[in-house]
Amino acid sequence: MTEYSSLEKIRLQKLEELRAEGIEAYPTRATRTHMSLQAIAEFEEAEKVEGKQVHAIVAGRIRASRAMGKVSFAHIEDGDGKLQLFFRINELTQARVEFFNRMFDLGDFIQAEGVMFRTKTGEVTLHVHDFKLLAKSISPLPADKDVTQEDGTVIRFAALEGHELRARQRYADLAVNPEVRETFRKRAKLVKSLRTFLDDHNFLEVETPILQPLYGGAAARPFTTHHNELAQDMYLRISFELYLKRLLVGNIERVYEIGRDFRNEGVSFKHNPEFTQLEFYWAYADYLQVMELTEQMVAYAAEQVTGSTKVTFGEHELEFKPPWKRVEMREGILETSGIDIAEHKTAEDLFKAIKAKHPNKTPDPKTTRGKMVDFLLGEFLEPTMIQPTFLYNYPRDISPLAKSIPGDPLTVERFEGYVAGFELCNAFTELNDPLDQEQRFLEMGRDYAADDEENTPLDEDYLRAMRYGMPPNGGFGMGVDRLAMVLTNKHSIREVLLFPALRKEE
RNA sequence: GGGCGCGUAGCUCAAUGGCAGAGCAGCGGCCUUUUAAGCCGUUUGUUGAGGGUUCGACCCCCUCCGCGCUCACCA
């Protein structure tokens, strides 16, 4: 049973009064001829011609109102912007102006018809000749008006604040904060620009299963569910990789998918349990070609979304114009930590070297060499990669799906793109040798067993596909939400997700 | 999961052991070009929940709930 606040009770009272007067508070249809900005633009054009009038019917949500006895002003907001309405008893009668003042509240949807004019203070305004209620708002939207502190010195803008409430009631957040609507328009532009770019480069967009009998392509815990009729457990995908690469076997040479991945892991400013991923696979290309395509694609997206390849992110000015900086993993770690990983070919050696150089910053001594390299990367190198940077040549044992560098058994042809100190994308020359792949899967299974973690299942069907023959190819994956964060200057993934994962209410 | 912090009116926030407040919103009144409208008057509280200490608790203690930051985890 809904508990109404005192303010809501007053509005419900008004609703009853309207119905008693035979006025429909939620009429079925609206008749709009002009968007707010369109009406203003047309008027400004017509002003140049003597005696020309602009007649308009507008519709929107009431965001402010000022009653002054025999005249009233209000601002409505529609999908375009804001427009001021002017009500006067001369055109409307005293009773109608009072009706407006008494029965209409902030947040109500209204339709107003009239003639455009310019007020004494110069604002282009609709002089209302007729109006009707389109939808009554029962719950007041969070206050959005400015507030004056004593002394008149401190002016605050009280809007809907607080991350939790804004995320939980995104509808109210959007209704009250236009810049939030803008963020999600930019996000839509981003996704569209990525599609356009890949389509223009002859990649085929596909949709592969979200509900999978086995999961793979990344090291993350999955969400598990159950299919009753088939009597088997199923998983929400943690990546698209193994399905998209099956398509390479099927002679589709360039393929991509944009969609949702699900990982049953921690939540943070850059992690949400479901997130949008872009992956593409490109036959006959290697990781260096993928690198070039990546910087072109992201630069294109930045330009489409923000109008420039120069993007402000917090205190940083990021330049996405190719070519991006390239840092070789061994050199980058040597430069930032003073440790040459090439000189320490076992986990034991590497651990000793780290301990000797940085006694206060050591990884778990029982972990693998690759994870220690990853530790050095996160601890020393990552924070230095603010401008878009490709970090390349990764340890083999943390890259089970990447191809080794010829002549270097410890290193694979893999790169990650970094921006503002965090990982944006991950790519490699894909492993296409089915026997090597099987070996890697088995090794990985051992590592997991050793860590006493959940075992990653071996995907026999994927190996079967590979045995038919897979062309050499380069593959790529990117967290679209993270790119959205960077391009909209938001520092939490929740700000670029309409409905981020939250704990259940009550 | 660990650490730190927050939770007070519809909204944004005060009140550090002694009568729970302000601005905005709301309600009533005045006002025919306002836009942070103005002026006069006025309503609104399970101080997240439960327990404890105390003559007295928003304040101190305990438990729980929710949220934020951070660490850990996270190819």
Side-chain angles (χ1 to χ4, degrees), chain A residues 4-11 13-14 63-75 82 84-92 94 97 101-102 105-107 117-123 125 127 138-150 152 154-168 172 176 216-221 238-239 241 263-273 275 364 368 370-371 373-374 377-378 394-402 412 414 416 423 425-428 444 447 451 453 456 477 491-492 494 502-506:
Chain A
Y4 291 107
S5 72
S6 58
L7 299 188
E8 288 169 328
K9 283 176 185 156
I10 289 162
R11 292 191 179 195
Q13 181 67 34
K14 291 178 183 178
R63 302 285 283 121
S65 79
R66 298 173 288 283
M68 308 179 58
K70 297 190 170 57
V71 299
S72 287
F73 291 88
H75 271 97
K82 289 187 179 178
Q84 181 167 251
L85 306 181
F86 178 58
F87 301 79
R88 197 170 64 162
I89 62 166
N90 307 41
E91 292 77 28
L92 286 165
Q94 179 97 39
V97 172
N101 291 342
R102 198 177 73 253
D105 292 296
L106 298 186
F117 79 115
R118 197 178 278 277
T119 64
K120 277 183 186 170
T121 53
E123 179 164 350
T125 300
H127 196 139
I138 304 299
S139 303
L141 285 167
D144 68 311
K145 279 196 97 168
D146 304 355
V147 178
T148 311
Q149 289 291 77
E150 57 268 25
V154 184
I155 297 177
R156 234 180 2 200
F157 290 83
L160 181 56
E161 279 175 13
H163 289 264
E164 189 233 341
L165 191 65
R166 287 186 43 235
R168 215 178 266 290
V176 164
R221 279 172 293 168
I238 58 172
S239 90
E241 175 143 4
R263 295 186 183 174
N264 207 338
E265 305 281 356
V267 177
S268 81
F269 76 96
K270 56 181 178 178
H271 295 93
N272 194 65
F275 62 100
D364 176 0
T368 66
K371 286 193 174 169
V373 173
D374 201 39
L377 160 65
Y394 273 67
R396 181 178 183 273
D397 71 68
I398 56 169
S399 316
L401 297 159
V412 292
R414 170 179 172 189
E416 289 190 353
E423 177 193 340
C425 59
N426 179 20
F428 27 90
M444 190 172 62
D447 289 348
D451 284 2
E453 296 218 2
T456 305
H491 296 252
S492 163
R494 284 187 176 181
L502 297 167
R503 212 178 294 271
K504 191 169 63 183
E505 265 183 291
E506 288 162 348

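The basis for the numbers below is simple: all heavy atoms, side chains too, and nothing from hydrogens, waters or symmetry mates.
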To the nearest angstrom, the CD-P distance between Q13(A) and rG26(B) comes to 17 Å

Sorted by chain and residue number, the side-chain hydrogen bond (donor to acceptor under 3.5 Å, both in side chains) partners of R11(A) (sequence neighbours excluded) come out as S137(A)

Separation of rA25(B) atom P from E8(A) atom CD, nearest Å, is 18 Å

Look at the side-chain N and O atoms of K14(A) and state whether any lies under 4.0 Å from the OP1 or OP2 oxygen of rC27(B). yes

Select base, sugar-phosphate, or nothing to describe what E416(A) touches, counting heavy atoms under 4.0 Å on all strands. sugar-phosphate

Practice task
Run the ring-centre check on F117(A) versus F86(A) and record whether the distance is less than 6.0 Å.
Solution key: yes

Assert: residue with more 5' nearest nucleotide on RNA chain B, out of R102(A) and V71(A), is R102(A)

Residues at least two apart in sequence or cross-chain that pass side-chain hydrogen bond (donor to acceptor under 3.5 Å, both in side chains) with R102(A), listed by chain then number, are none

Once you apply a heavy-atom cut-off of 4.0 Å, does R263(A) come out as touching a base, just sugar-phosphate, or nothing? nothing

Residues passing the salt bridge (charged side-chain N to carboxylate O under 4.0 Å, His left out) test with E241(A), sequence neighbours excluded, are K245(A)

From the candidates rA75(B), rC74(B), rU33(B), the one with an atom nearest any side-chain atom of N426(A) is rA75(B)

Exactly one candidate in R63(A), K82(A), E123(A) meets side-chain hydrogen bond (donor to acceptor under 3.5 Å, both in side chains) with H75(A); the answer is E123(A)

Among the nucleotides rU32(B), rA75(B), rG26(B), whichever has the atom closest to the side chain of I10(A) is rG26(B)

Exercise. For F117(A), which contact category applies under a 4.0 Å heavy-atom criterion: base, sugar-phosphate, or nothing?
Worked result: base

Margin query: Roughly how many Å apart are rU16(B) and rC61(B), using the C1' atom of each and rounding to a whole number?
Written below: 16 Å

Regarding the side chain of H271(A), the nearest nucleotide among rA75(B), rU34(B), rC74(B) is rC74(B)

- Base, sugar-phosphate alone, or nothing: which one does D374(A) contact when heavy atoms must sit under 4.0 Å apart? nothing

Practice prompt. Name the nucleic acid region contacted by F86(A), choosing base, sugar-phosphate or nothing; use a 4.0 angstrom heavy-atom cut-off, strictly under.
Written response: base

- Mark yes or no for a side-chain to base donor-acceptor pair under 3.5 Å between E123(A) and rU33(B), with no hydrogen or angle criteria applied. no

Please report the distance separating the P of rG56(B) from the corresponding atom of rU8(B), rounded so that it comes out in whole Å. 26 Å

Atom NZ of K70(A) and atom P of rU32(B) are separated, to the nearest Å, by 5 Å

Taking a pair to mean Watson-Crick or G-U wobble geometry with both distances below 3.5 Å, rU34(B) pairs with none

Side-chain atoms of R66(A) come closest, of rU34(B), rA75(B), rC27(B), to rU34(B)

**Message:** Can you confirm whether the side chains of E91(A) and H127(A) place a donor and an acceptor under 3.5 Å from each other?
**Reply:** yes

Of the listed rA75(B), rC74(B), rU34(B), the closest approach to the E265(A) side chain comes from rC74(B)

Dump the pairs, protein N or O against N or O of nucleotides 3-7 of chain B, anything under 3.5 Å, distances to one decimal.
none

Taking atom P in both rG10(B) and rA25(B), compute the distance separating them and give it to the nearest angstrom. 16 Å

Contacts of S6(A) meeting side-chain hydrogen bond (donor to acceptor under 3.5 Å, both in side chains) (sequence neighbours excluded), chain-then-number -> none

Among rA75(B), rG10(B), rU33(B), the one nearest any side-chain atom of L7(A) is rG10(B)

N101(A) meets the side-chain hydrogen bond (donor to acceptor under 3.5 Å, both in side chains) criterion, sequence neighbours left out, with S72(A)

Give one of base, sugar-phosphate or nothing for S399(A), where a contact means two heavy atoms less than 4.0 Å apart.
nothing

- request: Would you classify G107(A) as touching base, sugar-phosphate or nothing, given that sugar-phosphate means primed atoms plus P, OP1 and OP2, and contacts are heavy atoms under 4.0 Å?
  value: nothing

